[in-house]
Amino acid sequence: MAGTKEIKSHIASVQETKKITSAMYLIASTKLRRARQELENTRPYFLALRGEIKRVFRAAGYVDSPYFYHNDDAPDPEGTYGCLVITADKGLAGAYNQNAIREAMRLLAQHPDMKLFVVGEYGRRFFAQRKIPIEHSFLYTAQNPTMARAREISALLLDGYDRGELRKIFVVYTDMAGTMSYEARSTRLLPFRRTHFADTGEAEEPVKTPFEFLPNAAAVLNNMMPSYVSGFIYSALIDSFCCEQNARMTAMDSANQNAEGLLGELSLQFNRVRQASITQEITEVSAGARAQRQKHQKKER
């Protein structure tokens, strides 16, 4: 059985670990609030952009564009697909990274020739350790999603799509399903279906005056789509980052609760060992005193 010195050392170690997990919980909560605010600040622009894309379809009718299926019943294009996988740079976030990797591996099993574009050190290490080729790895940290980085990712993916190297593009990210819940999902980024823009959630005004598109409606639509794709990727980066911080908060809160329980058990064990030690000392003192009395009694006789 461990002595009081070992138990006190164990208690001190658990307390130091609890300080670290508590600090990580506070840091994650601060990052989560900041990321949500950044997303809310940019959301109106992309909602308005989606509304304008819908307005083009309403005003011009059918518009042929390489970024859309020819019709909503058209089959998926054949050829090489691309997949943007968004993970974190580190662990300590519950099953956040594992869920995103599992979704990416599911898509990879369906399309073995899929080209991977990876954000996050965790995903890079995972695929490198398993000798799974990565088409492009974005080496900047996943901890600081910005619109500039979203545009860089979008430009690379659109370049492969425009040149016909990527016939279809997926994004694997983690989406906030609720206030405290999240789920990894794979979303088709390109090509879009026209029904995707059928309902923007905003009230519509009837078109009274015909719109004039210069040089034509297709050119206007194709010019707007890269900005919309960048916004979608930025939203996916922010959503994933928020989910990562949410998962880390949950993991650190669970670690704090486990530390509290362990400290309670160690304190109880320490008190028992100390009481046993005190009892043993009292017993030894009493036995020594009894032996001394018996010795004096023998001398007196």
* To do: Sequence neighbours left out, what passes salt bridge (Lys or Arg N to Asp or Glu O under 4.0 Å) with R163? Give chain and number order.
  => D159, E165

* Structure fact -> Residues at least two apart in sequence or cross-chain that pass salt bridge (Lys or Arg N to Asp or Glu O under 4.0 Å) with R106, listed by chain then number, are E103

Where is the tightest heavy-atom contact between [X] and [Y], given as atom of each residue plus distance?
X    : Y    : value
P145 : Y234 : O-CE1, 4.0 Å
F68  : R193 : CD2-C, 4.2 Å
R124 : V118 : N-CG1, 3.7 Å
R167 : Y161 : O-CE1, 3.7 Å
S186 : V172 : CB-CG2, 4.0 Å
A100 : I86  : CB-O, 3.9 Å

Side chain [X], main chain [Y], donor-acceptor under 3.5 Å:
X    : Y    : answer
T87  : G123 : yes
D239 : D175 : no
S154 : A150 : no
Y96  : S240 : yes

* To do: For R34, look at atom CZ and say whether over 12 heavy atoms of other residues, nucleotides or ligands are found less than 6.0 Å away.
  => no

* **E78 CD: over 12 foreign heavy atoms closer than 6.0 Å** => no

* **Cationic tip of R188 above F170 ring, under 6.0 Å, 45° of axis** => no

* Structure fact -> Residue set satisfying ring pair (Phe, Tyr, Trp, His ring centres under 6.0 Å) with Y228, at least two apart, ordered chain then number -> F192, F197

* To do: Using the test ring pair (Phe, Tyr, Trp, His ring centres under 6.0 Å), find all partners of H111 that sit at least two apart in sequence or belong to another chain.
  => Y81

* What pairs of residues pass the salt bridge (charged side-chain N to carboxylate O under 4.0 Å, His left out) test when at least one of them lies in residues 9-18, not counting sequence neighbours? -> E16-K19, K18-E260

* Asked: Between atom SG of C83 and atom NZ of K115, what is the distance when rounded to the nearest 0.5 Å?
  -> 13.5 Å

* To do: Name all residues meeting the side-chain hydrogen bond (donor to acceptor under 3.5 Å, both in side chains) criterion together with Q37; count only those two or more places apart in sequence or in a different chain, and write none if there are none.
  => N41

* Student check: side-chain heavy atoms of F138 and R149 closer than 4.5 Å -> no

